[in-house]
Amino acid sequence: MKLSREFYRDRDALVAARDLLGKTLVTSFQGRRTAGIITETEAYLGVNDRASHAYGGRRTARNETMYADGGTAYIYLCYGIHHLFNVVVLGPDEPHAVLIRAIHPTEGLDIMLERRGQQKLTTGGPGTLSQALGIHTSHNGSDLVTGPIHLEDGGMVVERADMIIGPRIGVDFAGEDALLPFRFRYESGRVGQVLPYTPT
DNA sequence: CAGCAGATTGACT
DNA sequence: GTCAATCTGCTGC
């Protein structure tokens, strides 16, 4: 069933990043429904997190949506090319967000393949999953409770033993905050552990 | 206003 | 392993 407004308001980005593993991300544009199970997330903890776009209370046209109410989609363009999808949590003016980094496709595989324009369907990165699901920066600010993008609880339970926790990717500019274990990945059969820090 | 780096990806040496 | 693609925002002239 669809996640409610309260789900998004009632937890900060760190807790939400963990709780969103195993949930289903669904898009429905022009009657074309595509979906996948969330397998990797990252938490961005608002104004005190140096890796966050909202660090220090920064507010620009691009990151304005981070300050919206919980249950809003924050979608921004990364490296001028990739449309990265984030789930805003907590209340207005509490700019916490969870970046969805990977999904396991479950519905509309043919549509996703067509959108990707590749021979093989890959949704293992934040840019590729957005393209597969048809998510675009034009959907920035979309309401996840009433809009064309939403999340569902499909009853999947992600156990701690199948969860890998490690530092976030591509945030070396954030100094010591780059080391924080704010990335969560579902990997069946693996023992829960903290990944070693490996600068890229 | 110019330069640069960034929550990335895929093509290529 | 290297590098180009190309939009936003920050820094410095």
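Lettering of chains follows the sequences in order, A, B, ..., and the numbering in each one begins at 1. Reckoned from all heavy atoms, side chains included, excluding hydrogens, waters and symmetry mates. As the structure is a prediction and not an experimental result, all values here were calculated from the model.
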Close N or O pairs between protein and nucleotides 2-4 of chain B (under 3.5 Å):
none

Quick one: which protein N/O atoms are closer than 3.5 Å to N/O atoms of nucleotides 6-11 of chain C? Pair and distance per line, please.
from: C:dT6; atom 1: O2; to: A:Y79; atom 2: O; distance (Å): 2.8
from: C:dG9; atom 1: OP1; to: A:T60; atom 2: OG1; distance (Å): 3.0
from: C:dG9; atom 1: OP1; to: A:R62; atom 2: N; distance (Å): 2.7
from: C:dC10; atom 1: OP1; to: A:R58; atom 2: NH1; distance (Å): 3.3

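Using a cut-off of 4.0 Å between Lys/Arg side-chain N and Asp/Glu carboxylate O, A:R59 and A:E64 are scored as salt-bridged.
A donor-acceptor distance shorter than 3.5 angstrom exists from the side chain of A:E94 to the backbone of A:G91, with no hydrogens or angles considered. Between the side chain of A:T122 and the main chain of A:G124, no donor-acceptor pair closer than 3.5 Å is present. A:N63 contributes a side-chain N or O that, together with a main-chain N or O of A:T60, makes up a donor-acceptor pair within less than 3.5 Å. A donor-acceptor distance shorter than 3.5 angstrom exists from the side chain of A:R115 to the backbone of A:L133, with no hydrogens or angles considered. Under a 3.5 Å cut-off, the side chain of A:R18 and the backbone N or O of A:L14 do not form any donor-acceptor pair. Listed for the A:D177 side chain is a donor-acceptor partner under 3.5 Å among the backbone atoms of A:R50. Counting only distance, with no hydrogens or angles, the side chain of A:E42 and the backbone of A:I169 share a donor-acceptor pair below 3.5 Å.
With sequence neighbours left out, A:Y76 forms a side-chain contact (heavy atoms from CB on, under 4.5 Å) with A:H53, A:R62, A:Y74, A:C78, A:L84, A:N86. For A:F29, the ring pair (Phe, Tyr, Trp, His ring centres under 6.0 Å) test picks out A:H139, with sequence neighbours left out. With sequence neighbours excluded, the residues satisfying ring pair (Phe, Tyr, Trp, His ring centres under 6.0 Å) with A:H83 are A:H136. Listed by chain and number, the residues in a side-chain contact (heavy atoms from CB on, under 4.5 Å) with A:V145 are A:R5, A:Y8, A:D143 (sequence neighbours excluded). With sequence neighbours excluded, the residues satisfying side-chain contact (heavy atoms from CB on, under 4.5 Å) with A:E107 are A:R33, A:A35. Applying the side-chain contact (heavy atoms from CB on, under 4.5 Å) criterion to A:V47, with sequence neighbours excluded, gives A:P95.
Rounded to an integer number of Å, the gap from A:Y44 OH to B:dG6 C1' is 11 Å. A:H82 places its NE2 atom 15 Å from the P atom of C:dA4, with the value rounded to the nearest Å. Straight-line distance from the CZ atom of A:R168 to the P atom of B:dT8: 12 Å, rounded to whole Å.
For the residue pair A:T65/A:N140, the side-chain donor-acceptor check at 3.5 Å is satisfied.
Comparing B:dT13 with C:dA5, their P atoms sit 15 Å apart, to the nearest whole Å. C:dT6 and B:dC12 have their P atoms separated by 16 Å, with the value rounded to a whole Å.
A heavy-atom distance below 4.0 Å to DNA chain B is reached by these residues of residues 120-141 of chain A, ordered by number: A:G125, A:P126, A:G127, A:T128. Near DNA chain B, meaning a heavy atom under 4.0 Å away, the residues from residues 83-105 of chain A are A:L84, A:N86, A:L99, A:R101.
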**Request:** Fill in the dot-bracket string of DNA chain C, one character per base: . for unpaired, | for a pair to another strand, ( ) or [ ] for pairs within the strand, taking Watson-Crick or G-U pairs under 3.5 Å.
**Result:** |||||.||||||.
Side chains of residues 66-73 of chain A: which donor-acceptor partners sit under 3.5 Å, not counting sequence neighbours?
from: A:Y67; atom 1: OH; to: A:G57; atom 2: O; distance (Å): 3.2
from: A:Y67; atom 1: OH; to: A:R58; atom 2: O; distance (Å): 2.5
from: A:D69; atom 1: OD1; to: A:R9; atom 2: NE; distance (Å): 3.2
from: A:D69; atom 1: OD2; to: A:R9; atom 2: NE; distance (Å): 3.1
from: A:D69; atom 1: OD2; to: A:R9; atom 2: NH2; distance (Å): 2.5
from: A:T72; atom 1: OG1; to: A:D69; atom 2: O; distance (Å): 2.8

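Across all strands, A:R59 comes closer than 4.0 Å to no nucleic acid atom at all (heavy-atom distances).
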